[in-house]
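When a residue number appears, it is its place in the shown sequence, counting from 1. Both ligands and their constituent atoms are indexed starting at 1 by order of listing.
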Amino acid sequence: MEYLKGKRILLGVTGGIAAYKCCELIRLLRKAGAGVRVVMTPAAEQFITPLTLATLSGAEVLRDLFPSGGSVDHISSVREADLLILAPATANTLAKMAGGIADNLLTCCLLAARIPVLAAPAMNCAMYENPATAANIRTLRERGVHFVGPDVGWQACGESGPGRMSAPEAIFREAADLLLRPGQIRGTMVITAGPTEEPLDPVRTLTNRSSGRMGYALAGAAAMLGWRVRLISGPVTLDPPPAVDLIPVRTAAEMMDAAWREAKEADCFVGCAAVADFRPDHAARNKIKKCGEESLKLTLVPNPDIIRTIAGLDTVLAVGFAAETEHLAEYARHKLATKDLDLIVANDVSSTETGFGSEDNAALMIFRDGREVSLPRMRKEDMALRIISEINDLLDRQSRESAPV
Ligand code: PMT
């Protein structure tokens, strides 16, 4: 999903062996839809070629402080960017930043930057632990520079300790977090996603086919459209979207506890999880044996209805999903009313093309006032953006209506 579409990154690369890792960082940023422009120090060119970085970023690399055309690249490139990432950030460049030295194109950009700066230090552990470096990092933090890492471990010089540049994925997550942190946060949205797993014995569970994809897409879209997102997820194999707080759970009871705790502090609750309606009345302590029996009888007891409980909090806007195999609109309207929801998103789960586990979905949104919006088949990521936009519009309308005249 293109979480960072429209965002522009200026990536400063300095002279350290970790420079090779910025290739993967550029790939992650571009895959997320961000535009990347690279500026290199002369020392960085000893480790990685401008051609490699130009090819990966799809743009000419900035390297010359005195270009023949007389352009002022250090001013225009930082003016056009939303974030400056310094990766790797060597001890030397951090020292220059702290001292306000601008002796190459990248250090000029850093001095001219009025945008957030994220630095990923990378250096030998003795250099990192040197009081001069520690003082420089402290100074830069005080001035508002953001840091990610460094990690601790074996280093290219053969020593072990702190100073390894963070993994590209970690730098990407921090960058996305800074870029998606909106100036004006709408509030907190709690989203449930994925299946629940109800244990029968230590090795068996009752569960369902939810992949979590719809709920995770909602979480990504909500973060992008101005929400602080708490994602309560059953067991799935997906990575959480950037800038989303993940709360992993397994059973419906665990999901209920987390939902109650989080929803009390939230403004909106979206129940996209496929919660087991029933669970075994007890989980056997040891693996259930066959023992020659022809059949095995299970006694199931009801799980709490999470969204119905949360909808009772009149401080949150409650949005549910309805997974139906027949009479889609009729059953969904019934759930909207009995669970006391503000909005229900009804999806037909009888097809393999949409609903559980698929890349696409198709749905009917039904609002408390009876208004209906049909969402034709589309990718779950696109549907998530439509649903969150509708939620934002609904809240905007409600706050206009309740504003004093
Ligand atoms: O995860 P994917 O593979 O992407 O699939 C997405 C999905 C099909 C699971 C999703 O779009 C969806 O429909 N989620 C709701 C599944 C469901 O449990 O529907 P339901 O009709 O049984 O429940 C209605 C509502 O009550 C849902 O908001 C559900 O989260 C909630 N519920 C249900 C039971 C329960 N004990 N507590 C609940 O809160």
Out of [options], who gets a non-hydrogen atom closest to [atom]?
atom: atom 33 (C) of ligand 1; options: R279, R308, K339, R209; answer: K339
atom: atom 1 (O) of ligand 1; options: G271, S210, A332; answer: S210
atom: atom 19 (O) of ligand 1; options: A276, A323, A318; answer: A323

Atoms in ligand 1 flagged as close to [X], the criterion being non-hydrogen separation under 4.0 Å:
X: I307; answer: 26 (O), 31 (C), 38 (C), 39 (O)
X: R213; answer: 1 (O), 2 (P), 4 (O)
X: F356; answer: 3 (O), 5 (O), 8 (C), 9 (C)
X: A322; answer: 21 (O)

Shortest protein heavy-atom distance from [atom], along with the residue and atom involved:
atom: atom 7 (C) of ligand 1; value: N347 OD1, 4.3 Å
atom: atom 29 (C) of ligand 1; value: A273 O, 3.5 Å
atom: atom 20 (P) of ligand 1; value: K335 NZ, 3.7 Å
atom: atom 2 (P) of ligand 1; value: S211 OG, 3.4 Å

With a 4.0 Å cut-off on heavy atoms, does [X] reach ligand 1?
X: P304; answer: yes
X: T192; answer: no
X: G355; answer: yes

Exercise. Is the Lys NZ or Arg CZ of R213 less than 6.0 Å from the centre of Y216's six-membered ring, within 45° of the axis?
Worked result: no
Exercise. Regarding D348 and S350, is there a side-chain donor-to-acceptor distance under 3.5 Å anywhere?
Worked result: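 Looking only at side-chain atoms, S350 and D348 do form a donor-acceptor pair, the distance falling under 3.5 Å.
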Problem set entry | Side-chain H-bond candidate by donor/acceptor type, N130 with T133, under 3.5 Å | no
For this session: Report yes if the side chains of I344 and F321 come closer than 4.5 Å at any heavy-atom pair, otherwise no.
Result: no
